[in-house]
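Data first, discussion second: the structure below is written as structure tokens.
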Amino acid sequence: MSHLTLLIAEDVSKRFGGVQALADVSFTINHGEIYGLIGPNGAGKTSLFNVLTGIYAPDGGTFNFDGEPLERVKPNEVAERGIARTFQNIRLFQNLSALENVMIGRHVRTRAGVFGAILRDKGTLAEEAAIEKRSYELLEYVGVAKRANDLAKHLAYGDQRRLEIARALATEPKLLALDEPAAGMNATETQALKRLLEDIRRDGITILLIEHDMKLVMSVCDRVLVLDYGKKIAEGTAATVQNDPKVIAAYLGGEVTLNLKGA
Amino acid sequence: MTTPLLELKDLQVAYGGIQAVKGIDLSVDQGELVCLIGANGAGKTTTLKGITGLQPIKSGKIHYAGEDITGKPAFQLVRKGLSMVPEGRGVFGALTIEENLAMGAYARDDRAAIKDDVERVFGLFPRLKERRKQTAGTLSGGEQQMLAMGRALMSRPKLLLLDEPSMGLAPLMVQKVFETVMAVSKEGVTILLIEQNAKLALEVSSRGYVMESGEITLQGKAKQLLSDPKVRAAYLGEAA
Amino acid sequence: MTAHGRGKSVPPKVWAGVVLVALALALLPFVAALAGQAWVRILNFAMIYIMLALGLNIVVGFAGLLDLGYIAFYAVGAYMYALLASPHFGIHLPFWVILPLGAGLACIFGILLGAPTLKLRGDYLAIVTLGFGEIIRIFLNNLNTPVNVTNGPQGVNLIDPFHVAGFSFARAQSILGVPFSGPQKYYYVLLLLTIGVIVINIRLQNSRLGRAWEAIREDEVAAKAMGINTRNVKLLAFAMGASFGGIAGGIFSATQEFVSPESFGLFESIIVLAMVVLGGMGNIPGVILGAILLTLLPEVLRSTMEPLQNALFGRVLLDAETVRLLVFGIALVAIMLYRPAGLWPSAVRKRELEVPKVVAE
Amino acid sequence: MDTFLQQLINGLTLGSVYALVALGYTMVYGIIGLINFAHGEVVMIGAMVSLSVIMALLGAHAPLPSVVIILAGLLVAITVCMAIAYAMEKIAYRPLRKAPRLAPLITAIGMSIILQNLALIVWGRNYLTFPTLIQPTPYNVLGASMTDLQMLIVVLAGLLMAGLVFVVQRTRLGMAMRATAQNPQVAGLMGIDINVVISAAFVIGAALAAVAGLMVMTYYGIAHYYMGFLLGLKAFTAAVLGGIGNLAGAMLGGVLLGIIEALGAGYIGDVSNICGFPFLSDSLQQQCAASEGQVSMFGSNYQDVFAFFVLILVLIFRPSGLLGERVSERA
């Protein structure tokens, strides 16, 4: 394992009932890169996310994260190890304020318990103040600080997506896994998101990005992994992947030839 | 100039704060096979759900067979001949294949004709006939798709809405599914097909619409769209 | 950074308000006594219910876990006190020893019940806790043979009231020329304890732990993905809620000087739940309001309905007790249907009406 | 041995009643994922209404045979229970179908209290006795006794369950119920009005509950406004034991729970006899001497505890129940 690599996935498999969601998928993600994960609907992208973040146990294969194996680990332990994620269909804490959402992200990096909460000793108060400060900073960082005290559910869609990123960043991840962050955004919002992703990367956080907005993927990702039917069909730079006939076929359809007269 | 069988006027659908369909116009004439294609998340499925009342619409009108069906619940539409095969097939896994087909004919009460139609579906998909007593949950993805289509046909639809019938299927199955779509179309059933697999969808359709971020950006004869570089751009994010 | 720590510089207006409220609370038992000592007792009951409701609110309101056997922890606290401070076993420990013990035992029961059941889905949890509550009640009812532990359905009598070095809270006496009745003296003890419980609840809610509870209530999967150990944090909610129940139980025992299994039936659990739901799940002021309203309701019904019926029909057709429960049932349904957030909208919801603060720094 | 057989017969009788009630929980849970807390109260209303009708007919000295009088009571009870269940679903549950789970569960608790207290207002606080219309005759079954009433309960419950299975497995409505249970949205696409299906589940469950109410009342000879609570809880336990959402499971669970309870009550005294222990206190040893060595830690007054222990154990170790394969995940 080179010091460059952050995550190594080897032969990861997952079945759901009769469907092979992931079939022996292997890849590596390097420190500091934006690694894209694309593929048609149902290709297994979100399944890969769920297996990586401990929501499902894989049927086979291993992950090695930051030099140590990541196996049979619960989702909260995955977060503790340094992988934070967002969800395809936004899972914010809807009835809490934007600020509180981010503050919850600090949970895993803070310590105060019952007695601290009740007694409010100096250490706890200092920790609380630090949590609030850091959370405000993160809201500013993603550009929703103005709505810090609004309930998450009352934020505009694009803001919710950015808030979810801020919440994930609050856990101080080494790897930030984003599941379709641009979904539902307009062109301007997507541009802002692109800048945000580049900022995050510049600050030293590696990004794993599932995205359907190909313009975004092609312009921001260093390397891209393409899944189809749970299998890896291509991996490489945006340009190589874009011209790979297998990828074009997977997206536009090509492998299947119709017997137009036979039907 | 006949009125189209299905006509959407400025349809807008929003959910969870996201405007998924931003005012689209679309029409399908009697007997046509029309496809609505576009990348993931473009709003295709939401459009279909808006038509069948599964997703409340924000504004706009939906006309079917000359009647305003805006906001009508799905179970009433089936009786009017509008049937839908949902994304992910939605077969009843704990029911047998025969029972699934019977569910398709739920809105009908002509027993003898229903029996004939079951045989007709089995003729279309012999695999299903072999397994008629098995529960649908034991079928493979492709077989489930066939069952879902067969079940929709059991209602004797005038208009069939198909949501991504090729999703998650192996190439051989995709081929079979598309051949079936064409066969059904030839029998005179009007079809609105939603697909991610643009090439196949355009090959079988007479006309097509391309959807991007909740809007229809291209439309026309399927043959022309097939060779239009803009379609490819819409999918792969290339500068057109 | 402390600049936006909550409420550092309190304006004089607020101080004036606090003083006024304190004065009102101090005088309240004497105002109530004008209408009869019974109303002072009702005030005391209201405070016991506030403690219970706030304890249950941690479990149901904060963490979103429906506990229908909550009253069992109240029973544990009450019997703990009854058995350790009564002639039943001839043990007479002081209250300040028993109350923490009762809280601790209730807490252990909470953990014992929670540990295996918290992985269950919400509605199953509700039924299991309900079953647990019934088991406790059945044991209290029957543990009088062959060894008499609980004295069975007769309950435990002659329980010691609170007393410190000869000063008994149950006896009427004159202090500095002011005549105090027993319930009035208890009122101040209860007031202090209640304020303590309220402060603890507010502090818990605005803490790392409180946020974790609310995160679990809102979306458990997302909470896990944020690194929250949901199992431990839920267990903590159960244990905390149970402890408050245990304390309230001990005080109940002491003020009543009598306990029996009858006081700890499913209906008590549901009454406390109704308080939480009516006031507004998760919202501390709302829960307090709910507890006060639903403690006063039967008394108001009793003092109005029966005379009213007597005047109208010449006899009592519906007794207040039945109507009280009926009203609770209707309240539960109506609140869920028309005001699911309760009578007092939660603070978070109010916060959003404020003009967004400019970020500090 | 004959105690065992006797308890088995008693358990089977009671278990048949549990099973009938459990079916109501399981049907509703299977389709909309709600624990209909008020279902036990429907059973109580069934008992109360049939009792009132029977008393009225007896009071009017109508020259009718007992069977007709009981049947008349039953028919009125069934009608009333169905109407209550229908109204309850429409008013208290339907508007909350998309609300968070906690909300309909709380309204269900509320409905339970409302029904109980309405019954209290109508029928009063006292135990009502069922008139001796039927004089149970005991028959000898392999050394134990089984009355004709017990036989009737078991057979009638069996017939009703068979009827329900037929409806669910063979009729159009039954198929629609099964389809709605699996995927209400797709069921709608088939032309099924799921509101009708859900109402049907409530109403059918209520009819069975009414029958169960009459059975319990004739069996024990009494009725009380509070009788529904414990019965409902036990029936729910039976449904969970068998695998909630699963009809066969509810029947199996009901019968099993009845038998567990009967055997438990029959043997707990012997099992928890503490006279064999040498470290007993003097007073206990005196008690043992006075009672021929039979002093039990727990007596049959703990009968009601068994159901709860069964419930807790099942939920912890096999939450999907004996016949359930999985607990459907609904948000």
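Every heavy atom of this structure was used, including side-chain atoms; hydrogens, water molecules and symmetry mates were not. So that the names make sense, note that chain A is the first sequence line, chain B the second, and so on, each numbered from 1.
The environment of A:R201 atom CZ is dense: over 12 non-hydrogen atoms of other residues, nucleotides or ligands sit within 6.0 angstrom. For OH of A:Y141, the number of neighbouring non-hydrogen atoms (other residues, nucleotides, ligands) closer than 6.0 Å is greater than 12.
Interface check for chain C: of the options A:E164, A:R167, A:H107, the most heavy-atom pairs under 4.5 Å are formed by A:H107. When the candidates A:P75, A:A168, A:A170 are compared by the number of heavy-atom contacts under 4.5 Å with chain C, A:P75 comes out ahead. The choice from A:I55, A:T171, A:I104 that makes the most heavy-atom pairs within less than 4.5 Å of chain C is A:I104. Among A:R81, A:E80, A:Q94, A:R109, the residue making the largest number of heavy-atom pairs under 4.5 Å with chain C is A:Q94.
Of all residues spanning residues 216-230 of chain C, those with a heavy atom less than 4.5 Å away from chain A's heavy atoms are C:R217, C:E218, C:D219, C:V221, C:A222, C:A223, C:K224, C:A225, C:M226, C:G227, C:I228, C:N229, arranged by number.
When heavy atoms are compared at a cutoff of 4.5 Å, A:T110 approaches chain C by way of both its backbone and its side chain. Only the side chain of A:I131 comes within contact range of chain C, with at least one heavy atom under 4.5 Å from a heavy atom of that chain. In this structure, no portion of A:L139 lies under 4.5 Å from any heavy atom of chain C. Both the backbone and the side chain of A:R111 come within contact range of chain C, with heavy atoms under 4.5 Å apart. A:R106 does not touch chain C: none of its heavy atoms, backbone or side chain, sits under 4.5 Å away. Contacts of A:E127 with chain C are made by side-chain atoms alone, with heavy-atom separations under 4.5 Å and no backbone atom involved.
Residue C:R208 holds its CZ atom at 9.5 Å from CD of A:E128, rounded to the nearest 0.5 Å. Note: A:L96 CG to C:R211 CZ = 10.0 Å, rounded to the nearest 0.5 Å.
Using a 4.5 Å heavy-atom cutoff, the side chains of A:R120 and C:N206 are in contact. Counting heavy atoms from C-beta on, the side chains of A:N95 and C:E214 never come closer than 4.5 Å.
The two residues C:M240 and A:V114 have their closest heavy-atom pair at SD-CG1, 3.7 Å.
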